Q: 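One structure is given below, represented as C-alpha cells, and several questions about it will come after.
Proteins get letters first, then strands, A, B, ... in listed order; numbering begins at 1 in each. Model, not experiment: these values are computed from the prediction.
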There are 2 protein chains.
Amino acid sequence: MPLFMSKYTNKVDGKGRVSVPSQFRAALPSGFQKSIVMYQAVNHGAIECCDLLHIEKVNDSLEGFAPYSDEHDEFSLALMSGLTELCFDGNGRIILPQDLMEYAGIMNLATFAGKGKTFQIWEPAAFNRELDIARHKVKEKRDLLKFRLKTTEGTIKDGS
Amino acid sequence: MPLFMSKYTNKVDGKGRVSVPSQFRAALPSGFQKSIVMYQAVNHGAIECCDLLHIEKVNDSLEGFAPYSDEHDEFSLALMSGLTELCFDGNGRIILPQDLMEYAGIMNLATFAGKGKTFQIWEPAAFNRELDIARHKVKEKRDLLKFRLKTTEGTIKDGS
DNA sequence: TCAAAACCCATGGTATTCCATTTAAAGGAT
DNA sequence: ATCCTTTAAATGGAATACCATGGGTTTTGA
C-alpha cells in the first residue's frame, strides 16, 4: 500500500493554483489518480486531503445506520457536505478553494505534509510550529504506540 | 461509484428556477441523468433529493415487508406518494415546486448540500445552523461510526 | 384564453486546458 | 567527487470551454 510521506513546500500563484508533489500523486490508488478530496482538518487550522477511494469507504460505512435515522442524517451531512473534490490540471496542479485557503491561513506558499493514508496542506510557518509541538508530544507518549501485525487472513491483531 | 459531496449556493429566479450544480448532475447514474426526485426531508425543513435509480432501490426494499402487511402499506404510502420527479431544462435547471420551497423556507437562494447517495436543498441560513448542529452531534457520537470493509466476495463485514 | 411549463438563445464570469519557460532532480562520463 | 547531459517536475501566462444566470419565445394543458 503506497503511503503519503515526507513534506514539500510549493508556491501558490495568483489564481490559487499549487502543484501537488508528484510523489503524492504517485501514491494515489490506481483508478483514483485524477483528483484528491479535501476538507477542514478537525483538530488544526489546516487542510486535510485523501483520495476518493477513502471517501467511498467512509460513505459505505454510513450504511451501518438506518437510512432515515438521525445518525445517518447527521453523519452524512457533516461528513459529506464539507468535502471538495479537486481534479489535477495537465501539470498536476489543483486550485485551492478560497474558504479552505482562509481556514489554513495560506497565502503564497503551501506545505504538503504526509500523514500515511492522508496528507495535510499547511501555511509553512504554522506547520513548523505544529510539527514542533507534535514531536514533543510524541516524546512524552512514545510508549503508547504499539505495532500491529497483519495476518495472512487480512485480520489484525496486536504484535509484540 | 459517484457521490454527492460538497456544497453550492445558487440563485432562485422569479420563475422558481435553480441550476442544479453541474457536479451533482455529473454524479447521477448513467441512464438517469435527465431528472432528479425530491421530497420533504424527514428530520428537517429541507428538500431531500436523489436519483430515480435510488428510488427504485428503496421501493425494492419494501418487499422486505409482507405484501399486504400494515408496514408495507404505511411505508409505501408515506415514502412514495410524497415524491416529485423534476426534469432538467437545457441548461441544467429545475423548477422548484411551490410547496417544497415553502417547506424549506427558500426564497432567492438555495444551498445544495451533498450527503453521499443523496443531497439536500436548504435555505442558506438554515443550512448553516443545521450544519453546526450536525457537526456537534458527530463529535459526540463519533464512536458510533464503524468502518465497514468490503470483502472480495462483495459481502460486507465489520472491520477493526 | 390564460398561465404555467418547456424551449431557445445571449452574456458574463469562472474554471479548465494548453503551451512556454524555468527550476530541480537523475544519470553518465570524465 | 565534479561537470555535463538528459529527464522530469514546478511555475507562469494566455486561450479556450463550461456553467450559472437572465431574458425571451413557443408549446402545453387546464
Side-chain angles (χ1 to χ4, degrees), chain A residues 2 4-28 33-38 47 49 52 83-102 106-114 119 121-124 127, chain B residues 2 4-28 33-38 47 49 52 83-102 106-114 119 121-124 127:
Chain A
F4 302 112
M5 58 178 121
S6 188
K7 70 183 164 68
Y8 308 87
T9 297
N10 289 339
K11 287 184 186 176
V12 181
D13 71 14
K15 299 178 185 175
R17 289 187 300 188
V18 239
S19 289
V20 175
S22 63
Q23 290 86 344
F24 284 11
R25 276 179 275 141
L28 293 169
Q33 308 204 327
K34 285 193 282 286
S35 69
I36 55 177
V37 177
M38 55 178 63
I47 303 171
C49 306
L52 194 52
L83 304 179
T84 307
E85 181 182 7
L86 297 174
C87 295
F88 300 114
D89 69 13
N91 298 324
R93 286 179 293 192
I94 54 172
I95 301 182
L96 291 176
Q98 196 58 40
D99 59 330
L100 288 177
M101 281 186 66
E102 287 172 12
I106 294 171
M107 302 290 287
N108 302 315
L109 291 171
T111 295
F112 292 76
F119 63 92
I121 309 178
W122 289 77
E123 191 280 320
F127 172 73
Chain B
F4 301 111
M5 61 177 114
S6 190
K7 70 183 165 70
Y8 309 88
T9 297
N10 288 341
K11 288 183 185 175
V12 181
D13 69 15
K15 301 176 185 176
R17 290 184 301 186
V18 238
S19 289
V20 175
S22 64
Q23 289 86 345
F24 284 10
R25 275 180 276 141
L28 293 170
Q33 308 204 327
K34 285 193 282 286
S35 69
I36 55 177
V37 176
M38 55 178 64
I47 304 171
C49 308
L52 200 51
L83 302 181
T84 307
E85 182 183 7
L86 296 174
C87 294
F88 301 113
D89 70 12
N91 297 325
R93 287 179 291 195
I94 54 173
I95 299 182
L96 290 176
Q98 196 58 42
D99 59 330
L100 287 177
M101 280 186 67
E102 286 171 12
I106 293 171
M107 301 290 288
N108 301 314
L109 292 171
T111 295
F112 293 75
F119 62 92
I121 309 178
W122 288 78
E123 190 279 321
F127 172 73

Q: Report the residues that fulfil side chain to side chain donor-acceptor pair (under 3.5 Å) with Asn91(B), sequence neighbours left out, ordered by chain and then residue number.
A: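 In terms of side chain to side chain donor-acceptor pair (under 3.5 Å), with neighbours along the sequence ignored, Asn91(B) is linked to no residue.
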Q: Taking only residues two or more places apart in sequence, or in another chain, which ones meet Ser6(A) in a side chain to side chain contact (heavy atoms under 4.5 Å, CB included)?
A: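 For Ser6(A) the side chain to side chain contact (heavy atoms under 4.5 Å, CB included) partners, ignoring immediate neighbours, are Tyr8(A).
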Q: Working to the nearest 0.5 Å, report the span between CD1 of Ile106(A) and CG of Leu96(A).
A: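 With rounding to 0.5 Å, CD1 (Ile106(A)) is 6.0 Å from CG (Leu96(A)).
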Q: Under the side chain to side chain donor-acceptor pair (under 3.5 Å) test, which residues partner Thr9(B), sequence neighbours left out?
A: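 Listed in chain order: Thr111(B).
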Q: Grab the CG-P distance between Asp99(B) and dA4(C) for me, whole Å please.
A: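 Answer to the nearest Å: 15 Å.
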Q: Between P on dT22(C) and CG on Asp13(A), what's the gap in Å once rounded to a whole number?
A: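 In whole Å, dT22(C) P and Asp13(A) CG are 17 Å from each other.
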Q: Give Val20(A) one of three labels, base, sugar-phosphate or nothing, depending on what nucleic acid heavy atoms sit under 4.0 Å from its own.
A: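 Since only primed, P, OP1 and OP2 atoms lie under 4.0 Å of Val20(A), the category is sugar-phosphate.
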Q: Please classify the nucleic acid contact of Ser19(A) as base, sugar-phosphate, or nothing, using heavy-atom distances under 4.0 Å.
A: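 Base contact.
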Q: Using side chain to side chain contact (heavy atoms under 4.5 Å, CB included) as the criterion, list what pairs up with Ile95(B), not counting sequence neighbours.
A: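 Once residues adjacent in sequence are excluded, the partners of Ile95(B) under the side chain to side chain contact (heavy atoms under 4.5 Å, CB included) criterion are Arg17(B).
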Q: Nearest-Å distance, CZ (Phe88(B)) to C1' (dA5(C))?
A: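 Atom CZ in Phe88(B) sits about 16 Å away from atom C1' in dA5(C).
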Q: State which residues pass ring-ring contact (aromatic ring centres under 6.0 Å, His included) with Phe112(A); sequence neighbours excluded, sorted by chain then number.
A: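 Once residues adjacent in sequence are excluded, Phe112(A) has no partner under the ring-ring contact (aromatic ring centres under 6.0 Å, His included) criterion.
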Q: Fit a plane to each ring of Phe4(B) and Phe24(B), take the angle between them on a 0 to 90° scale, and name the class: parallel (under 30°), tilted (30 to 60°) or perpendicular (over 60°).
A: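 If you compare the ring of Phe4(B) with that of Phe24(B), the planes turn out perpendicular.
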Q: CZ of Phe24(A) versus P of dA9(D): gap in Å, rounded?
A: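 Going from CZ in Phe24(A) over to P in dA9(D) covers 15 Å.
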Q: Atom pairs under 3.5 Å, N or O on each side, protein against nucleotides 24-30 of chain D: can you list them with distances?
A:
from    : atom 1 : to       : atom 2 : distance (Å)
dG24(D) : O6     : Lys15(B) : NZ     : 2.6

Q: Listed by chain and number, what are the side chain to side chain contact (heavy atoms under 4.5 Å, CB included) partners of Glu85(A), not counting sequence neighbours?
A: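 Counting only residues at least two positions away or on another chain, Glu85(A) forms a side chain to side chain contact (heavy atoms under 4.5 Å, CB included) with Ser35(A), Val37(A), Leu52(A), Met5(B).
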Q: To the nearest Å, give me how far apart CG (Asn10(A)) and P (dT23(C)) are.
A: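 It is 15 Å, rounded to the nearest whole Å.
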Q: Measure the shortest side-chain to side-chain distance between Lys11(B) and Leu109(B) over non-hydrogen atoms and say whether it is less than 4.5 angstrom.
A: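 Yes, their side chains come closer than 4.5 Å.
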Q: Within this structure, what is the CG-to-P distance between Asp89(A) and dA17(D), rounded to whole angstrom?
A: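 Those two atoms, CG and P, are 17 Å apart.
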Q: Would you mind reading off the distance between Lys11(A) atom NZ and dT21(C) atom P, rounded to a whole angstrom?
A: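 About 18 Å, once rounded to whole Å.
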Q: So, using side chain to side chain contact (heavy atoms under 4.5 Å, CB included) as the criterion, who are the partners of Pro97(A) when residues are at least two apart?
A: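 Here the qualifying residues are Met38(A), Thr84(A), Leu86(A), Asp99(A), Leu100(A).
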Q: Can you sort out which residues in residues 90-98 of chain A have a heavy atom within less than 4.0 Å of DNA chain D? Ascending by number, please.
A: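 Correct list: Asn91(A), Arg93(A).
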Q: Over the length of the helix from dT1(C)-dA30(D) to dT30(C)-dA1(D), how much do the five-pair end axes diverge, rounded to 10 degrees?
A: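 Axis-to-axis angle, ends of the helix: 40°.
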